[in-house]
2 protein chains.
Amino acid sequence: MNKEALFSIPLPTIRRFPAYLRLLKDFENAGESWVSATRLAEDLRLKPIQVRKDMSCTGVEGKPKVGFEVHELIMAIEHHLGWDNATDAILIGAGNLGNALVGYKGFANYGLRIVAILDNDKKKIGTTVYGVTVQSMEHLEETVVRLGVNIAVLTVPAEVAQEVAEMVVAAGIKGIWNFVPKNLTLPEDIIVQRTDLATSFAELSSRIKKSIEEKSRTKRSLQN
Amino acid sequence: MNKEALFSIPLPTIRRFPAYLRLLKDFENAGESWVSATRLAEDLRLKPIQVRKDMSCTGVEGKPKVGFEVHELIMAIEHHLGWDNATDAILIGAGNLGNALVGYKGFANYGLRIVAILDNDKKKIGTTVYGVTVQSMEHLEETVVRLGVNIAVLTVPAEVAQEVAEMVVAAGIKGIWNFVPKNLTLPEDIIVQRTDLATSFAELSSRIKKSIEEKSRTKRSLQN
DNA sequence: TGATTATCAATAAATATTTATCGTTTACTG
DNA sequence: CAGTAAACGATAAATATTTATTGATAATCA
Ligand SMILES: NC(=O)c1ccc[n+]([C@@H]2O[C@H](COP(=O)([O-])OP(=O)(O)OC[C@H]3O[C@@H](n4cnc5c(N)ncnc54)[C@H](O)[C@@H]3O)[C@@H](O)[C@H]2O)c1
Ligand SMILES: NC(=O)c1ccc[n+]([C@@H]2O[C@H](COP(=O)([O-])OP(=O)(O)OC[C@H]3O[C@@H](n4cnc5c(N)ncnc54)[C@H](O)[C@@H]3O)[C@@H](O)[C@H]2O)c1
């Protein structure tokens with residue numbers, strides 16, 4: 001029996017995978033074929049033990065004294081994320097964010113390829129964004145079927161997000177990467193992943209607030 | 001003694017705060033003055049108990065049968081995040097992503113205001129992005145000092161990120177919101193918050209992979 | 001060749017987070 | 001105005017995640 005199927009990888013580990021992957025690819029490009037958990041931990045500011053635990057989820061075994069084989073780890077992580085064969089996606093909403101995402105080279109590393117762009121603004125339809133032509137929303141279902149796409153990236157205004165989400169689901173989309181700061185109500189079997197910049201900014205804000213408070217506490221205690 | 005200072009709010013709670021905030025503001029705009037944890041949980045697909053625990057971190061007390069006062073919660077959450085008085089920031093790198101961020105109206109809700117944009121591309125310097133003029137990097141330190149800014153948003157190419165980060169730190173910046181998929185090595189006291197789209201996409205990918213595997217498992221077991 | 005050391009795997013302990021239980025409060029209903 | 005049900009807070013239990021401990025292994029060097 002396959003070891004992988006027996007347990008599911010902790011979410012925090014999944015979330016760290018992309019950072020490992022990037023670093024590992026850097027090492028590979030630099031011609032390194034082995035890397036230790038200690039080394040990875042140093043670069044990512046994690047503890048070696050945690051890196052080892054994460055790596056154990058990939059099924060790759062390390063070698064004492066030298067660590068893990070770089071290429072093997074890359075393959076294993078990509079496989080676990082399903083990034084080993086490219087995933088096609090459509091993008092809805094060719095606005096500021098949408099265009100930036102379409103132009104983002106980095107997606108290639110995640111096996112993500114935006115193969116179609118749709119918008120409902122007549123001025124945008126027919127224009128091309130980084131080589132991809134913006135299509136009318138009327139072509140939605142046809143495009144999804146023709147390209148056999150399962151994933152949609154949503155970058156439309158919040159007011160229409162629910163409506164548009166329902167349209168893409170009706171067209172056959174199974175997973176939505178939602179950049180709109182709004183919770184979508186969709187059938188159970190549709191996978192919705194929200195990316196919320198505010199989440200990250202909230203972390204930054206609270207860390208800054210804490211640091212300011214600590215500083216003023218230290219100052220006060222020095223005065224005593 | 002202040003209750004808040006005694007314990008630090010769990011990071012997962014901090015991360016949920018922005019979503020609560022948005023929903024609460026929707027309720028406020030709709031003229032609702034009370035909301036129950038049950039209601040919030042329903043809309044955000046959380047469990048009521050978790051919402052109550054999160055709310056308890058804000059210090060706001062609810063009332064049996066009716067819930068929490070909407071406005072009081074908003075104020076409390078904003079206060080805990082430090083979003084109650086606007087934070088100014090500069091943005092470095094007026095490229096695709098940088099411009100999208102500058103134009104993003106949503107930041108106003110987080111108390112974030114981008115008050116200056118800097119770039120090293122002569123073609124971009126002097127142009128305006130959503131009313132803000134792009135300045136040369138030579139003005140970095142002067143701008144930071146003049147505007148009294150503590151936070152920088154980093155949207156430059158990965159190759160120069162470390163170098164640029166060191167420059168903004170030298171100019172007096174204390175916190176960096178880093179959109180570049182690269183770990184920065186900076187002094188201990190500098191707060192660096194990375195926003196990594198790949199993290200979110202990894203989650204989506206792994207959920208899709210799991211769902212596909214489950215489906216094929218079900219199919220197989222039906223065949224038996 | 002044998003000692004040394006960096007590193008790994010497995011297991012255990014500690015910590016953090018989520019979820020459940022229980023008794024209490026308050027608005028609403030009849 | 002008593003009974004009922006929805007919702008709260010506090011505390012406890014369960015679960016998830018991180019960190020520590022221990023013993024084993026393989027490269028390196030005297
Ligand atoms: N700009 C940012 O940096 C940023 C950051 C985080 C989140 N977001 C979110 O991303 C979304 C888009 O932001 P933006 O700044 O790109 O806005 P935008 O207005 O530039 O782009 C929205 C696009 O959606 C299109 N659109 C509108 N209604 C549509 C419909 N019914 N069907 C198809 N297309 C439609 C518009 O024509 C436009 O091209 C918003 O929900 C915003 O909150 C933006
Ligand atoms: N485009 C996206 O959707 C996206 C998504 C996630 C992350 N990112 C990351 O954000 C960063 C920017 O991406 P982008 O697509 O906007 O790239 P871009 O090339 O459009 O923009 C980069 C900007 O930085 C400026 N720049 C270059 N060197 C500089 C320097 N030394 N000092 C100051 N400014 C300098 C350039 O002139 C340019 O305006 C990249 O690191 C990218 O990986 C982009």
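If you're wondering where the values come from, they're calculated on a predicted model, not measured in any experiment. By convention in this document, chain letters (A, B, ...) are assigned in the order of the sequence lines, proteins followed by strands, and residues within each chain are numbered from 1.
With hydrogens and angles left out, the side chain of A/K65 and the base of C/dT5 share a donor-acceptor pair within 3.5 Å.
The separation between B/R52 atom CZ and C/dT21 atom P is 14 Å, rounded to whole Å. B/K53 places its NZ atom 14 Å from the P atom of C/dA16, with the value rounded to the nearest Å. Rounded to whole Å, the distance from CD on B/E61 to C1' on D/dA10 is 11 Å. One can place CZ of B/F68 at 14 Å from C1' of C/dT26, the figure rounded to the nearest angstrom. Between the P atom of C/dC8 and the CH2 atom of A/W34 lies a distance of 11 Å, rounded to the nearest Å. If you take CD of B/Q50 and P of D/dA14, they are 19 Å apart, rounded to a whole angstrom.
The nucleotide whose nearest atom lies closest to any side-chain atom of A/I49 is, among D/dT21, D/dT17, C/dT25, D/dT21.
Nearest-nucleotide positions on DNA chain D for A/P10 and B/V60 put B/V60 closer to the 5' end. Each of B/V66 and B/R16 was assigned the nucleotide of DNA chain C with the nearest heavy atom; the assignment lying further toward the 5' end belongs to B/R16. Mapping A/T13 and B/S36 onto DNA chain D by nearest heavy atom places B/S36 closer to the 5' end of the strand.
The six-membered or imidazole ring of B/W34 lies away from that of B/F27, with a centre-to-centre distance of 6.0 Å or more. A/F107 has its ring centre less than 6.0 Å from the ring centre of A/W177.
In the model, B/Y104 has no side-chain atom that pairs as donor or acceptor with a side-chain atom of B/N99 under 3.5 Å. There is a side-chain donor-acceptor pair under 3.5 Å between A/Y20 and A/D54.
Considering only side-chain N and O atoms, B/S56 lies nowhere under 4.0 angstrom from the phosphate OP1 or OP2 of D/dG9. Applying the 4.0 Å criterion to OP1 and OP2 of C/dA27, one finds that B/K63 has a side-chain N or O inside that range.
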Verify side-chain hydrogen bond (donor to acceptor under 3.5 Å, both in side chains) between B/R194 and B/N183, making sure each step is shown before the conclusion.
-> CA-CA 8 Å; B/R194 219 172 92 194; B/N183 276 71; 2.6 Å; yes

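Among the protein residues, A/T38 comes within range of the sugar-phosphate backbone only, with heavy atoms under 4.0 Å from sugar or phosphate atoms but none that close to a base.
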